[in-house]
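In what follows, every chain begins at residue 1, and chains take the letters A, B, ... in the order their sequences are listed. Fair warning: this is a prediction, and the values are worked out from it, not measured in the lab. Just the heavy atoms: all of them, side chains too, but no hydrogens, waters or symmetry mates, feed the values below.
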There are 2 protein chains.
Amino acid sequence: MAHSESTQAAPNNPRLSPEDGRLRRGRRSRALILKAARELFEERGFDEATLRAIAERAGMGASSIYRHFQSKEELLIADLDELQEEAWRRFREGDDRKAPTRKRVTRFLDAQHQLLAEDSDLTLIALRATTRPGVRVAQQVLALNDRTIGLLMEIMQMGRMQSQLKRNVDVLEAARVVFNITQGARIPWANGLTDAETCRQAIQKGVDLLFGGLDKSG
Amino acid sequence: MAHSESTQAAPNNPRLSPEDGRLRRGRRSRALILKAARELFEERGFDEATLRAIAERAGMGASSIYRHFQSKEELLIADLDELQEEAWRRFREGDDRKAPTRKRVTRFLDAQHQLLAEDSDLTLIALRATTRPGVRVAQQVLALNDRTIGLLMEIMQMGRMQSQLKRNVDVLEAARVVFNITQGARIPWANGLTDAETCRQAIQKGVDLLFGGLDKSG
DNA sequence: CCATTAACGCGAACAGGATCGCGTATTCAA
DNA sequence: TTGAATACGCGATCCTGTTCGCGTTAATGG
């Protein structure tokens, strides 16, 4: 009585062994759902992929999906999570911590862009998700974004300590600006108004402007 | 035969006088719908305001709304349009064309913020709308955004000609960055994670960073 | 007058995301 | 063995944005 924290989905009973038969079946179902969802998102796009179709391909009823996910969008951000990890991994391998800060930032953004460019849907839905306050998926995406911002901040913090950047810059705010530049640049792309390369260049230009500044140096 | 351009909504028969009784009734209905929609958005928020409730308050059936608007979101961007006009108006009156560019930009952004701060829903839905490619409302919002970017560009172009800004800055790209800073800063606010003043300051800080640059000047 | 043509309005129906209540399977404790 | 607890699965149902087909109203032209 009186413990209905989350609406449902995602069991969290500490007394249950991870090898519990119920949980194992659950994990398998979850995997099947994700697989089906990814395939259908790829084939038809997010909005055209019906939950009922996903469920059918996963071999279950539509309502069962809600045992494992709280919303359709969560099926996507599961991917987003992995994709970000991958972007960071690619960035870190081959990263030169002594390279110019601007270069390091660009390298990270390129790695991220390369991955996102393969799936404009993901970008779009992630953005859309943040426009639904109260829904859990919004907070999940915002948390992911914060992690990205954190990484950018880390890079710039290092640059500031090496006196590559002005001493008084607020690295957190700077990281946010960089992030917002990327987000903004992706909207026209995800809407089919520009291609991936143009999007990449827009990000590049924006970052260059930020680093160089607009004011005539005096 | 074969002329179904728009799905429907918005008559455009040049042979009809604007004083045509049908059109007049239509305009009245449109106004009633907008009034009801604004009230309900205000009272319950966008997502909680049902089309059926809006229609009821407007004194008609829900489906009739689609004679005048193509989607629920269009009920909002009608406001967005006016709000932007108002922001520009407020900015222009009392604008000093010889003031420092950074100051002028800030003034405009403050004027805009002051209006948007009254209605976080509007901000959120406008953003959400741009994540729905193909739907007309997306293009409408993108067009409005472009107009804002255009105004910012205008301001900065003037600053560049007065040698306040570096000669080689891409003012269009700079304007986009400024715009993206504002958009990004509003997301946490619209999600209830920060208050309006924090949002304003974030925009302020971001713009300052952009103008000043991150690189240690050399 | 009457036929034609639009713009309007409406109730019914559709579609798809999400919820509910109930039944099943698995585990553990007594 | 039995009973409680818990994770799962499912069909029915709800909710709401949107579409459809039909009837109504107002102007136009012969």
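Ring planes of B:Trp189 and B:His113: tilted class, angle from 30 to 60°. Using the six-membered ring where Trp is involved, B:Phe41 and B:Phe46 have ring planes that are tilted, between 30° and 60° apart.
The local environment of CD in A:Gln201 is crowded, with over 12 non-hydrogen atoms from other residues, nucleotides or ligands closer than 6.0 Å. Within 6.0 Å of CD in B:Glu82 there are more than 12 heavy atoms belonging to other residues, nucleotides or ligands. Within a 6.0 Å sphere centred on CD of A:Glu197, other residues, nucleotides and ligands contribute more than 12 heavy atoms.
Atom pair A:Glu73:CD and C:dG16:P shows a separation of 16 Å (rounding to whole Å applied). If you take CD1 of B:Ile54 and P of D:dG17, they are 7 Å apart, rounded to a whole angstrom. Between B:Glu56 atom CD and D:dG17 atom P there is a gap of 14 Å when expressed in whole angstrom units. In this entry the distance linking CD1 of A:Ile125 with C1' of C:dG17 reads 14 Å, nearest Å. In this structure, A:Lys72 places its NZ atom 17 Å from P of D:dG17, rounding to the nearest Å. Nucleotide C:dA7 holds its C1' atom 19 Å from the OH atom of B:Tyr66, rounded to whole Å. When rounded to the nearest whole Å, the span between CZ of B:Arg128 and P of D:dG17 equals 11 Å. Distance CZ (A:Arg24) to C1' (D:dT6): 16 Å, rounded to an integer number of Å.
Look at A:Arg38 and A:Glu42 and you find no salt bridge, because none of the NZ, NE, NH1 or NH2 atoms lies under 4.0 Å from a carboxylate O.
Judged by distance alone, with hydrogens and angles left aside, the side-chain atoms of A:Asp119 form a donor-acceptor pair with the main-chain N or O of A:Asp121 at under 3.5 Å.
Annotation: side chain of A:Asp146 is not in contact with side chain of A:Met153 (no heavy-atom distance under 4.5 Å).
Near-neighbour residues of DNA chain D inside residues 39-51 of chain B, defined by a heavy atom below 4.0 Å, number-ordered: B:Ala49, B:Thr50, B:Leu51.
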Which pairs of donor and acceptor atoms, one on a side chain in residues 174-188 of chain B, lie under 3.5 Å apart (sequence neighbours left out)?
from, atom 1, to, atom 2, distance (Å)
B:Arg176, NH1, B:Glu173, OE1, 3.4
B:Asn180, ND2, B:Arg176, O, 3.3
B:Thr182, OG1, B:Phe179, O, 2.5

For nucleotides 9-13 of chain D, which of its nitrogen or oxygen atoms have a protein nitrogen or oxygen under 3.5 Å away, and what is each distance?
from, atom 1, to, atom 2, distance (Å)
D:dG9, OP1, A:Ser29, OG, 2.4
D:dG9, OP2, A:His68, NE2, 2.9
D:dG9, N7, A:Arg67, NE, 3.0
D:dG9, O6, A:Arg67, NH2, 2.3
D:dC10, OP2, A:Gly61, N, 2.7
D:dC10, OP2, A:Ser64, OG, 3.1
D:dG11, N7, A:Ser63, OG, 3.4
D:dG11, O6, A:Ser63, OG, 2.5

